[in-house]
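Read the structure below first, then the notes.
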Amino acid sequence: MRWVYLAIIILFAAATIIFVLQNLEAVTMSFLGSNARVPLALLVAVAYLLGAATGGSLFALLRRSYEGSKAG
């Protein structure tokens with residue numbers, strides 16, 4: 001099973017590198033009245049990391065709330 005996980009990680013890393021190399025052009029991003037020109041790959045990576053951080057936090061909060069309600 002370890003080899004399957006390793007293969008999935010390698011495929012995901014390869015797909016990410018291909019995405020970055022094909023999307024180096026800058027796009028304009030607007031947020032709260034300010035504009036910024038950033039590479040598309042960087043914008044997607046930041047959005048993914050923010051989503052992963054907030055999703056993980058929400059999952060932990062829900063799990064803690066469920067365990068607290070079950071104990072009490």
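Keep in mind that what you see is a predicted model, and the values were worked out from it rather than measured. Position 1 is the first residue of the sequence; numbering continues from there.
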Show me the donor-acceptor pairs within less than 3.5 Å that the side chains of residues 24-33 make with the rest of the protein, sequence neighbours left out.
| from | atom 1 | to | atom 2 | distance (Å) |
| --- | --- | --- | --- | --- |
| Thr28 | OG1 | Arg37 | NH1 | 2.9 |
| Ser30 | OG | Asn35 | OD1 | 2.6 |

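Residues Leu43 and Phe19 fall within the same hydrophobic cluster, defined by Ile, Leu, Val, Met, Phe, Trp and Tyr side chains chained together at heavy-atom separations under 4.5 Å. Residues Val38 and Val44 share a hydrophobic cluster, clusters being chains of Ile/Leu/Val/Met/Phe/Trp/Tyr side chains in contact below 4.5 Å.
Ile10 belongs to a hydrophobic cluster with Trp3, Leu6, counting contacts under 4.5 Å between side-chain heavy atoms of Ile, Leu, Val, Met, Phe, Trp and Tyr, direct or through other members.
Taking CG of Leu11 as the start and CD1 of Ile8 as the end, the distance is 8.0 Å to the nearest 0.5 Å.
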